[in-house]
Amino acid sequence: MGSRCSISANSGYCVKAGGRIVPIHTTSSANDNEKQTKGTLGSSSSVQSLSILHFNDVYNIEEREREPVGGASRFKTAFNSLQYKNPLVLFSGDALAPSNMSVVTEGRQMIPVLNSLRVNVALYGNHDFDFGVDHLLDITKETRFPWLLSNVQCINTKRQLANGKKYVIITWNNIKVGILGLVEWEWLETLPTISTEEVVYTDFIESAREYIPILKNNGCELIIALTHMRTPNDLKLFNEVPEIQLILGGHDHEYDYQFNDDDTKNRLFVKSGSDFREFSEINIKMTQPITIELVKHTVTKKYEQDKELQCIVERFSVQVSNGLEEKIGEIGCPLDGRFSSIRSRETNLGNLITDIMRHCTSSDLALLNSGTLRSDTLHEPGDFKLKDLMSILPMIDSLVVMEIRGHQLLLALENGVGGYPRLEGRFPQVSGLSFTFNSRAAPRSRIIRTSVLINGEMMREDQVYKLCTKSYIAGGKDGYSVFKDCNIIVDEESGITLTTLVRNYIISKYNNNNGLHSVSSCSLNCREFMAPGEINPIIEGRINIIN
Ligand SMILES: [Zn+2]
């Protein structure tokens with residue numbers, strides 16, 4: 001337990017032996033830290049050393065109001081304060097989405113930011129695929145660094161998905177470093193724009209074991225894995241592949257780390273927080289065995305805004321903020337988007353959104369997984385702005401219409417309520433449909449069959465109904481695997497996106513002059529539904545629970 005505790009005033013944290021981060025003090029300036037850390041490193045001249053700056057999961061380039069404020073421009077200043085170390089900058093994925101800005105820019109604002117931060121190597125995260133592979137390929141042409149994806153291949157091209165690199169070998173401070181980029185199967189399954197049938201996935205441990213000998217044969221002295229997976233899988237990799245000295249993870253947003261051993265400290269797993277609020281400085285000395293020092297940095301207002309990046313932030317903010325501040329309608333009652341409500345019962349927000357889906361696609365019924373509705377807020381009555389809509393529906397979700405038989409619908413509903421009372425995203429919000437479920441019954445046998453009514457009539461198990469849902473769960477995601485067996489009659493390329501549909505509805509209700517133009521993207525038979533009037537959705541007994 002005798003390892004030295006190196007104080008970083010910059011972060012206010014000290015990494016102690018035993019794997020805990022202990023706050024030390026938060027009053028010193030960044031400059032103090034710079035001098036202090038310089039002194040620590042500068043003493044051992046004969047031993048080669050390498051510093052790495054690592055971050056992951058960044059969504060909003062704008063800073064937030066409360067500390068740590070983060071934001072790309074203060075983050076850049078924090079990075080700049082460590083430039084004298086000539087750091088290798090590594091990023092573990094998720095930059096292009098989701099954020100309100102990304103809905104408008106499709107993630108383009110991140111490209112100049114990542115370039116300005118002088119990222120050397122990055123790994124794709126799941127949200128980098130939110131706008132599809134073609135878009136990803138298109139905009140990453142402008143990044144000045146390679147993107148990794150070691151263990152996922154595209155079946156058609158026989159190359160790594162989105163042209164990711166299998167590995168990168170980079171020489172930094174005369175140290176040859178081999179870098180892998182590994183992801184887990186679980187998030188591949190949830191990608192809205194890629195089918196798991198279009199890719200070949202190799203287990204991350206198998207893949208690491210395949211590439212490490214290649215890296216070693218190429219003379220790599222240090223093996224790093226960038227990862228985008230949940231922590232238990234990172235720890236599995238950490239324990240089963242000891243040749244990897246550093247696992248730099250993403251996907252989880254909480255700062256977390258673990259050394260292999262309190263005394264030797266020659267292997268480290270770390271996740272570096274999220275959203276430009278935290279990052280890691282990792283100082284490595286190439287002793288035998290190597291030694292690793294970790295410093296957590298937190299981006300607070302004590303860092304000035306970097307001017308170049310602030311210009312970029314402002315340029316993109318202006319571009320989207322004008323649009324987001326636009327009042328698109330008025331609501332007459334509170335809209336309940338709280339997770340505790342929408343993931344456990346019928347809510348008026350769920351009714352509003354699914355009614356729009358059903359009417360505007362001329363379907364018999366609509367079903368949406370509550371995880372789609374993201375605001376976690378009780379929206380007050382009054383002005384409704386585009387940014388309110390974006391907080392509810394930040395993702396670009398395409399709708400599909402399918403033919404479903406009554407017995408298949410039962411399976412879908414069973415899945416939807418199967419996790420209750422856990423607040424799961426699969427819990428359904430529905431339109432054109434009412435049902436009762438017994439929460440004390442075992443999952444998959446909770447729906448009271450005789451209670452299922454479709455537009456007021458008893459559901460028939462062999463009858464075909466037209467169901468509108470979003471393409472994500474139509475593809476079987478979130479446990480709705482039964483939808484994969486249904487015949488699609490309006491596919492996602494043809495269907496409008498949900499956010500746009502809801503926007504059109506709210507605007508048409510608000511505009512008293514003439515609803516026809518603003519609903520031109522909707523079918524004729526829903527124009528009555530879209531006609532001007534107050535938005536005042538109510539709860540009407542669509543989902544009934546026996547507790
Ligand atoms: Zn992720």
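The first residue of the sequence shown is numbered 1, and numbering continues consecutively from there. Read the numbers this way: they start at 1 and go in the same order the structure lists the ligands and their atoms.
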Against the six-membered ring of Phe316, is Arg108 placed for a cation-pi contact (under 6.0 Å from the centre, within 45° of the normal)? no

Assess, by modelled atom type and distance only, whether the side chains of Arg64 and Asn60 contain a donor and an acceptor separated by less than 3.5 Å. no

Aromatic rings Tyr59 and His127: how do their planes relate, parallel, tilted or perpendicular, breaks at 30° and 60°? perpendicular

Of all N, O or S atoms in [X], which has the smallest distance to the Zn ion (ligand 1)?
{"X": "Asp94", "answer": "OD2"}
{"X": "His251", "answer": "ND1"}
{"X": "His228", "answer": "NE2"}

Run Phe269 and Tyr257 through ring pair (Phe, Tyr, Trp, His ring centres under 6.0 Å) and show every step you take. CA-CA 5 Å; Phe269 149 67; Tyr257 76 99; 8.9 Å; no

